[in-house]
Amino acid sequence: MMMIMADQRHGEGEMEHSKKPFFFSSFNPFLFVLIFLPSLVLVSLICKLDLEIPWTTGLDKVFSSFAPHLLDPAALDLKGHSFSSPIEGSQKTVPENKERKRKDATRGISRVERYSKLKKIEVKLGRARANIREAGRVRNLTSVHDDPDYVPKGPIYRNPNAFHRSYLEMERLLKIYIYKEGEPPMFHEGPCKSIYSTEGRFIHEMEKGNSYTTNDPDQALLYFLPFSVVNLVQYLYEPNSHDVNAIGVAVQDYINVISNKHSFWNRSLGADHFMLSCHDWGPRTTSYVPYLFNNSIRVLCNANVSEGFHPSKDASFPEIHLRTGEIDGLLGGLSPSRRPILAFFAGRLHGHIRHLLLQKWKEKDDDVVVYDELPSGVSYESMLKKSRFCLCPSGYEVASPRVVEAIYAECVPVLISESYVPPFSDVLNWNSFGVQIEVKDIGNIKEILKGISQSQYLRMQRRVKQVQRHFVINGTPKRYDAFHMILHSIWLRRLNVHIQD
């Protein structure tokens, strides 16, 4: 059961200053130069990292206004947006610079090789961007690149050619280094069943190794921070305390360890690092490390822009409820002609959106079938499979496993949420296979859905079946499945930064 977390209270007292420090009592030019000028220099270096990412943003107005169109060919130019370490430069004194140069000389060519490897990586990424731009300008619906397995096509994609080329470039170039620090179960492990299964399954696949992982951190394009927020909550949270401090401090300590032991975090201030969490507290946990919150790629089920989710750098991934951990037998449903229910929802009263939905529709209509608790003997899965539209309202948080449940059951998902970025929406055109209803229109659900023509519904239902492959979890991951789509979302965001020595 998802936990409710009360807002953490901070100290509200005001500090009294009976005596002002000397340098506040009157302006002192010498102290201004000595104290404030270096601080301003440091702030200016850090503020360079508050990027205005040059992707055009915005889905079609009907569906959502938050997800970035990352594969817009015109967006892949990265003009002036780069990360360089603020550690070196004008703040070093002359003796410090001499000492640093002496140490660098003793390290020999290894330092030069390490930095030249980074430059070579960035050159390869630049070529990948150019290739994606070129492919994206081809406006037919069939990719111009051969692929023996699958060629993305059709309106379920924003730009199938750009997506296909980007995916092929990812397969060719992507290398991820997983930090070895940290002990299980809070690190390197995660739950592979329950509502948080997507988090654990991804960590598991990364930890067992695959073609995208590398043991050489100098070869990596990305660095994975393998902590599980779900397991941190399980082992560090004191029930009913509503105190997340211990969890946040554990993440903070972990970042301190890897930043002191390795050079890669400091080199980019976390911009080429990523974490992943399907727990409600994932976003808040990252706030304990400002660079993790503001710079790093945060892959979150709880993709809520009103709580600091930045679609240009953060990635939304699906919440998949594996009740028993089994992944077989989850797909399929009745044909459209055998689906008598217009819309269906069953779920507990979590959050104000569900309160409004249940208040308006609970057991009041034969077409819009809404329950907080299913009647005895009625199967939840069977209801999904014989409904035309499946209602997916947010609960306490914006994400809902009902979105993927609807797709698995070949039922057109109807998202009812605020500030939510749907999974993979930089690639997938959710308007082609889903419906979004604003919270203020909950009372008009029946009218809105009945306004969708039979021919349009059939097209949407067919597209739901087509898009299933991108949400499926496989025991051994297959190309274009959920695992690879998560990787591709991360890959796209790595393309959006340029790391400099």
Side-chain angles (χ1 to χ4, degrees), residues 67 69-73 76 127-129 131-176 198 201-202 205-206 210-213 221 299 315-318 320 327-333 403-404 406-413 422-434 458-495:
H69 193 162
L70 292 180
L71 286 175
D72 184 346
L76 286 157
R127 291 171 182 162
R129 295 183 194 106
N131 291 337
I132 297 168
R133 275 200 305 266
E134 180 183 0
R137 294 191 182 104
V138 180
R139 284 300 179 180
N140 60 25
L141 296 180
T142 303
S143 175
V144 296
H145 304 287
D146 293 331
D147 193 329
D149 187 25
Y150 178 69
V151 176
K153 60 182 179 181
I156 65 171
Y157 301 105
R158 296 183 164 280
N159 188 321
N161 294 322
F163 168 49
H164 193 204
R165 186 54 194 247
S166 177
Y167 191 94
L168 296 177
E169 293 288 344
M170 176 189 77
E171 290 184 316
R172 184 172 66 90
L173 295 176
L174 182 58
K175 291 297 177 186
I176 299 171
T198 333
R201 293 252 171 196
F202 184 89
E205 291 299 334
M206 294 299 294
N210 52 64
S211 60
Y212 297 102
T213 57
L221 277 69
V299 188
S316 173
F317 79 121
I320 302 175
I327 57 176
D328 298 324
L330 301 177
L331 307 182
V403 177
V404 175
I407 292 173
Y408 282 2
E410 298 170 6
C411 178
V412 175
F424 317 139
S425 50
D426 38 25
V427 167
L428 299 179
N429 176 17
W430 278 79
N431 282 324
S432 71
F433 60 88
L458 291 174
R459 284 193 293 270
M460 296 178 77
Q461 200 267 347
R462 184 172 63 250
R463 293 166 186 167
V464 168
K465 294 171 68 174
Q466 292 173 346
V467 85
Q468 271 182 348
R469 69 180 303 136
H470 299 312
F471 292 88
V472 169
I473 293 178
N474 294 298
T476 300
K478 299 178 181 178
R479 299 178 74 212
Y480 300 100
D481 67 2
F483 174 75
H484 287 91
M485 290 296 287
I486 295 169
L487 282 180
H488 183 261
S489 294
I490 300 166
W491 153 260
L492 279 182
R493 283 147 182 84
R494 176 60 178 90
L495 282 176

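Heavy-atom basis, side chains included; hydrogens, waters and symmetry copies ignored. Just so we're clear, the structure is a prediction, and the values are computed from it rather than from any experiment.
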Q: Is it true that the side chains of His164 and Asp147 contain a donor and an acceptor less than 3.5 Å apart?
A: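 Judged by distance alone, the side chains do pair up.
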Q: How long is the gap from CD on Glu205 to CG on Leu487, to the nearest 0.5 Å?
A: 10.0 Å
Q: Ala482 and Ile473: which non-hydrogen atoms are nearest, and at how many Å?
A: CB-CG1, 4.4 Å
Q: State which residues pass side-chain contact (heavy atoms from CB on, under 4.5 Å) with Glu410; sequence neighbours excluded, sorted by chain then number.
A: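 Testing Glu410 for side-chain contact (heavy atoms from CB on, under 4.5 Å), a comparison that skips the adjacent residues, returns Arg339, Gln461, Lys465, Gln468.
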Q: Between Phe424 and Phe471, what is the ring plane arrangement, given parallel below 30°, perpendicular above 60°, and tilted in between?
A: tilted
Q: For Glu171, give me all partners under side-chain contact (heavy atoms from CB on, under 4.5 Å), at least two apart in sequence or on another chain.
A: Tyr167, Leu168, Tyr212, Arg479
Q: Going by the salt bridge (Lys or Arg N to Asp or Glu O under 4.0 Å) test, which pairs reach into residues 468-478, not counting sequence neighbours?
A: none
Q: Where do Phe163 and His488 land on the ring-ring contact (aromatic ring centres under 6.0 Å, His included) test, with the steps shown first?
A: CA-CA 9 Å; Phe163 168 49; His488 183 261; 5.1 Å; yes
Q: May I ask you to decide if Ile320's main-chain N or O and Thr198's side chain share a donor-acceptor pair within less than 3.5 Å?
A: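 At least one qualifying donor-acceptor pair exists.
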Q: Could I get the full list of salt bridge (charged side-chain N to carboxylate O under 4.0 Å, His left out) partners for Arg463, not counting sequence neighbours?
A: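 Arg463: no salt bridge (charged side-chain N to carboxylate O under 4.0 Å, His left out) contacts found.
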Q: For Asn429 versus Pro155, what's the shortest heavy-atom pair and its separation?
A: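 Looking at all heavy atoms of both residues, the closest pair is ND2-O, 3.2 Å.
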Q: With a 3.5 Å distance limit and no angle check, can you tell me whether His470 reaches the backbone of Tyr480 through a side-chain donor-acceptor pair?
A: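 A pair under 3.5 Å: yes.
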Q: Hey, does the side chain of Asn161 reach the backbone of Val138 with a donor-acceptor pair shorter than 3.5 angstrom?
A: yes
Q: What is the ring orientation for Phe483 with Phe202, classed by angle as parallel under 30°, tilted 30 to 60°, or perpendicular over 60°?
A: tilted
Q: Kindly write out the residues that satisfy side-chain contact (heavy atoms from CB on, under 4.5 Å) with Leu330, not counting sequence neighbours, or none if the list is empty.
A: Leu322, Tyr408
Q: How close do Trp430 and Pro413 get, counting heavy atoms only, and between which atoms?
A: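 Smallest heavy-atom distance, with atoms named: CZ3-CG, 4.5 Å.
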Q: Pick out which of Ile327, Leu331, Val404 makes a side chain to side chain contact (heavy atoms under 4.5 Å, CB included) with Val472.
A: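 The option that passes is Leu331.
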Q: Kindly say whether Ile490 contributes a backbone atom to a donor-acceptor pair with the side chain of Arg494 at under 3.5 angstrom?
A: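 Absent.
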Q: Mind checking side-chain hydrogen bond (donor to acceptor under 3.5 Å, both in side chains) for Asn131 and listing every partner two or more places apart, or none if nothing turns up?
A: Glu169
Q: Taking all non-hydrogen atoms of both residues, which atom of Val464 and which atom of Val412 are closest, and how far apart?
A: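 Answer, listing the atom of Val464 first, then Val412: CG2-CA, 4.1 Å.
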Q: Taking all non-hydrogen atoms of both residues into account, name the closest pair between Asn210 and Thr213 and its distance.
A: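 Smallest heavy-atom distance, with atoms named: O-OG1, 3.0 Å.
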Q: Let me see the working for Ile176 and Leu221 under side chain to side chain contact (heavy atoms under 4.5 Å, CB included), right down to the final yes or no.
A: CA-CA 6 Å; Ile176 299 171; Leu221 277 69; over 6 Å; no
Q: Rounded to the nearest 0.5 Å, what separates atom CD1 in Ile486 from atom CG in Asp481?
A: 8.5 Å
Q: Does Arg462 have any side-chain contact (heavy atoms from CB on, under 4.5 Å) partners at least two apart in sequence or in another chain, and if so, which?
A: Arg459, Gln466
Q: Quick check for you: to the nearest 0.5 Å, what is the distance between Ile132 atom CD1 and Met170 atom CE?
A: 10.5 Å
Q: Could you report the tightest heavy-atom contact between Arg129 and Leu495, atom names first, then the distance?
A: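 Minimum heavy-atom separation between Arg129 and Leu495: NE-O, 2.7 Å.
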Q: Tell me, with the steps shown, if Val299 and Ser489 meet side chain to side chain contact (heavy atoms under 4.5 Å, CB included).
A: CA-CA 9 Å; Val299 188; Ser489 294; over 6 Å; no
Q: Spell out, as yes or no, whether a donor-acceptor pair under 3.5 Å connects the side chain of Asn474 to the backbone of Thr476.
A: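 No, because the side chain of Asn474 does not come within donor-acceptor range (under 3.5 Å) of the backbone of Thr476.
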